[in-house]
> 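Structure below; questions to follow.
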Amino acid sequence: MPSQSPPPAPPVLPISEHEDEIVAAVDAHPVVVVIGETGSGKSTQLSQILHRRGYTRRGPIAVTQPRRVAAVSVSRRVAQELGVPLGDEVGYAIRFEDRTSERTCIKYLTDGVLLRESLSNPELKQYSVIILDEAHERSLNTDILLGLMKRLIKDRASDLKVLITSATLDGLKVSKFFSGCPVLNIPGTLFPVEKFYSTERPTNYIESSLRTAIDIHAKEPPGDVLIFMTGKDDIDKMVSKLEERIQNLEEGSCMDALVLPLHGSLPPELQVRVFAPAPPNCRRFIVATNVAETSLTVDGVVFVIDCGYVKQRQYNPSSGMYSLDVVQISRVQADQRAGRAGRTRPGKCYRLYPMSIYEKEFLEATVPEIQRSSLAGSVLYLKSLNLPDINILKFDFLDPPSRESLEDALRQLYLIDAIDENGHITDVGRIMAELPLEPSLSRTLIEANELGCLSQALSVAAILSAEITLRSTRSKDVGGKRKRHELPDGSGWGDHVQLLQIFESWDQTGYDPKWCSDHDLQVRGMKLSKDVRNQLCQIIQKIAKGPTDVHARKSRKNDPDYRKLRRALCVGYGNQLAERMLHHNGYHTVGYRAQLVQVHPSSVLEADEYGKFPMYVVYHELISTTRPYMRNICAVDQAWVEPILKKLEKLDVNRLSGGSSAPKDSEPLEDKQVNAPKKAVDVKQSEVDSKIQAARERYLARKGKK
DNA sequence: GAGCACTGC
């Protein structure tokens, strides 16, 4: 938008009428909670109001957003309203992109970026005001920032102002958290939405949605229909069935219809179709996942069909395992979905569940992410802040994660040397915290730098954090006419090596997008991995004292078996180690609580000539679907495993958590048993292992010659 | 022999 164009007329938003009230509250209190529904203007106006009233004289205002697109679009809007070029007085900062300057006094940023900034400036002294927007979404990062803000206002009580803004957040709860701070309510501009409930839960919610959709199409006036489903499969089914039913309707009995799927894995060019307005005399049916609940706003929606379910990823700290489950939505979520029908005019929401279920079975609010995630990264971050008298187990969270989850994080961090046996952050841990990666990958990079395979590890870390999904290399092409190119196979060592080979092959083509599509790799994801890699290079070159070799290239010549890289991975994933069963190819995880797990069928890890997988592997994650699986696996040598087993023997979670270091005798017996690591490797097993290993080496040598 | 909701540094 050219800055010369006249600024648009300032919108009349509900928040404008509350300006004095807001300023008075902020003047008098360090923390203020602002509850504002959709359309209240809180995201664009609060910062401008405080800017107008002189708050930016002491420093810029930071406004956090949970999503990148929001940070960009809201800042663009504010710059426009103020009639200034974006990046001057008003700017934004997101990963890979900083559009701010010394003159910037209103800065929109993702909450992740603010957390990163606080690493180098724990008191965030540069800011006069920090606004945590959309706090009701309770992202992991927002929750950590909430805890941090509580500490900051104690330390900086004299000058820092904090505003917590949200659509539906329980204001009283947050106010209580911030020792009774004021709560302001700003009305929104949503139109009323009439809600209809089913008399009972349908046995088949696709069929039920289908009937409701056809019913709306036949009886209701124009207006688009938004249908919430749990996943891609259901969406695809729904789209084809709906199209079929609409075709079967009597010609001329209804207006035209257009059915559009909408979910995150849809290529961007198909996603944007939902932003184009409906053709004349045509009703659109948008069949969507949760993306349509908050991330993407579809205009023209008047009817919502809500199945009452959502697919959610959860972490179980006692097993270290993730699962992806279909769970009931919360009342907040149900209301958010319904609200999507009332953006342009009064709407209707059809809930495919009885009111009694909404009232009695649904949780009030969605379980916050902090209670559903592995906390190793967050705990490491908090440790690295050097906050005085910090006890992780007692850190003041709005909704504290379980003790089990925090202890799990401490154990993981200890096993990869980020904290010492007393729970204090180590020098290695400090470097790890600087890297925007999961702790295991950060640790791998540091070790790789020592071992002289940094460039390989950078490629692996980058491509793993971009979460590229690979076409299965084992499945045969079924009569496809298009020539498909085979992906590298990891040389039998597993998925990390395969990912490295993929990145290096792509690098050799000069990052040719066609190479990606030829190999069925998403261009978007591959580009992201390149950006991530560049960012990691910059950070690590800044931290590293000595020279670093970061250039990607075909790297196999010097180390044909990728021993250095696999060794670095073994150290980095010291908390994610598994040992094979003696007589079959199942594994058990090594560590706190042994889990029986399988190699994921998509893995390229190869068995030896006897059909046996390697004795030891490290894995990127455990995921429980039809069975518990290890995903992204790398074969490691037994010799490299010994130090990890030694550490496991020494592990004492009471000391890690900074609890009273009671003498060992007084510890409850129960705890000791739980903490006792599995006995290392018995003699027979190691004999078998060395035989297998020898056979494997011969086999691979043969294969190499061929 | 599986199958993946959504974000973010």
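Numbered from 1 within each chain, the chains take letters A, B, ... in sequence-line order.
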> Send over the distance from A:Q598 CD to B:dA2 C1', rounded to a whole Å.
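Distance, rounded to whole Å: 13 Å.
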
> Find the distance A:E369:CD to B:dA5:C1' and express it as a whole number of Å.
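It is 12 Å, rounded to the nearest whole Å.
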
> Quick one: which of B:dC9, B:dC6, B:dG1 gets closest to the side chain of A:R116?
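Nearest listed nucleotide: B:dC9.
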
> Within the pair A:T626 and B:dG3, is there a side-chain N or O less than 4.0 Å away from OP1 or OP2?
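Checking B:dG3 against A:T626, a side-chain N or O does come within under 4.0 Å of OP1 or OP2.
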
> Hey, what's the ring geometry for A:Y309 with A:Y205, parallel, tilted or perpendicular (30° and 60° as the breaks)?
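Taking A:Y205 first and then A:Y309, their aromatic rings sit tilted (interplane angle of 30° to 60°).
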
> When the distance from NZ of A:K232 to C1' of B:dA5 is rounded to whole Å, what number comes out?
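From A:K232 NZ to B:dA5 C1': 13 Å.
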
> Go through B:dT7, B:dG3, B:dG1 for me and flag the one nearest to the A:E467 side chain.
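My answer, after comparing the listed nucleotides, is B:dT7.
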
> Picking from B:dC4, B:dG8, B:dC9, which would you name as closest to the side chain of A:R95?
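Of B:dC4, B:dG8, B:dC9, B:dC9 is nearest to the side chain of A:R95.
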
> Once you apply a heavy-atom cut-off of 4.0 Å, does A:R67 come out as touching a base, just sugar-phosphate, or nothing?
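Result for A:R67 = sugar-phosphate.
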
> Quickly work out the A:N141 CG to B:dC6 P distance and round it to whole Å.
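My rounded result for the distance is 19 Å.
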
> In whole Å, I'd like the distance from the CD atom of A:E134 to the C1' atom of B:dT7.
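Interatomic distance, CD of A:E134 to C1' of B:dT7: 13 Å.
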
> Where the side chain of A:P436 is defined as all heavy atoms beyond and including C-beta, which of B:dC6, B:dC9, B:dA5 is the nearest nucleotide?
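Of the options given, the side chain of A:P436 lies nearest B:dC9.
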
> Categorize A:T294 for me: base, sugar-phosphate, or nothing, with a 4.0 angstrom heavy-atom threshold over every strand shown.
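Nothing: the residue A:T294, judged by heavy atoms under 4.0 Å, touches no strand.
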
> For A:D520 and B:dG3, what is the distance between atoms CG and P respectively, to the nearest whole Å?
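About 19 Å, once rounded to whole Å.
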
> Classify A:S139 by what it touches in the nucleic acid, base, sugar-phosphate, or nothing, heavy-atom distance under 4.0 Å.
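Result for A:S139 = nothing.
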
> Are more than 12 heavy atoms, taken from residues, nucleotides or ligands other than A:H584, located less than 6.0 Å from that residue's NE2 atom?
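Atom NE2 in A:H584 is packed in, count exceeds 12.
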
> Please find the pair of heavy atoms, one from A:H136 and one from A:A167, that lie closest to each other, and give the distance.
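Shortest heavy-atom separation between A:H136 and A:A167 comes out as ND1-N, 3.0 Å.
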
> Kindly check if the number of other-residue, nucleotide or ligand heavy atoms within 6.0 Å of CZ (A:R343) is above 12?
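Counting neighbours around CZ of A:R343, 12 or fewer heavy atoms of other residues, nucleotides or ligands fall under 6.0 Å, so no.
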
> Within a 6.0 Å radius of atom CG on A:N121, are there more than 12 heavy atoms belonging to other residues, nucleotides or ligands?
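Atom CG in A:N121 is packed in, count exceeds 12.
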
> Assign A:V113 to base, sugar-phosphate, or nothing according to its heavy-atom contacts below 4.0 angstrom with the strands shown.
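Sugar-phosphate contact only.
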
> If you only use heavy atoms from C-beta on, which nucleotide in B:dC9, B:dT7, B:dA2 is closest to the side chain of A:V291?
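Ranking B:dC9, B:dT7, B:dA2 by closest atom to the A:V291 side chain puts B:dT7 first.
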
> Between A:L262 and A:Q535, which is nearer to the 5' end of DNA chain B once each is assigned its nearest nucleotide?
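With A:Q535 and A:L262 compared, the 5'-side residue is A:L262.
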
> Does the side chain of A:Y573 come under 3.5 Å of the side chain of A:H496 through a donor N or O and an acceptor N or O?
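Yes, side-chain donor-acceptor contact under 3.5 Å.
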
> With a 4.0 Å cut-off on heavy atoms, is A:R631 in touch with a base, just the backbone sugar-phosphate, or nothing at all?
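The answer is base, as A:R631 lies within the cut-off (heavy atoms under 4.0 Å) of a base atom.
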
> Nearest to the side chain of A:R68, which nucleotide is it out of B:dG1, B:dG8, B:dC4?
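Out of B:dG1, B:dG8, B:dC4, the nucleotide with an atom closest to A:R68's side chain is B:dG8.
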
> When you check the phosphate oxygens OP1 and OP2 of B:dA5, does a side-chain N or O of A:T230 lie under 4.0 Å from one of them?
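Answer is no, no contact under 4.0 Å.
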
> Does B:dC9 have OP1 or OP2 sitting under 4.0 Å from an N or O in the side chain of A:S465?
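The answer is no; no side-chain N or O of A:S465 sits under 4.0 Å from OP1 or OP2.
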
> Using a cut-off of strictly less than 4.0 Å, decide whether A:H263 has a side-chain nitrogen or oxygen near OP1 or OP2 of B:dC4.
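Answer no for this pair, as no side-chain N or O of A:H263 is under 4.0 Å from OP1 or OP2.
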
> Would you say A:T110 reaches B:dT7's phosphate, i.e. side-chain N/O to OP1/OP2 under 4.0 Å?
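For B:dT7, OP1/OP2 do not have a side-chain N/O of A:T110 under 4.0 Å.
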
> A:R533 has an atom CZ; how far is it from atom P of B:dC9, in whole Å?
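Atom-to-atom, A:R533 to B:dC9, this comes out as 20 Å.
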
> For the pair made of CG in A:L464 and P in B:dG8, what is the distance, rounded to whole Å?
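Interatomic distance, CG of A:L464 to P of B:dG8: 19 Å.
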
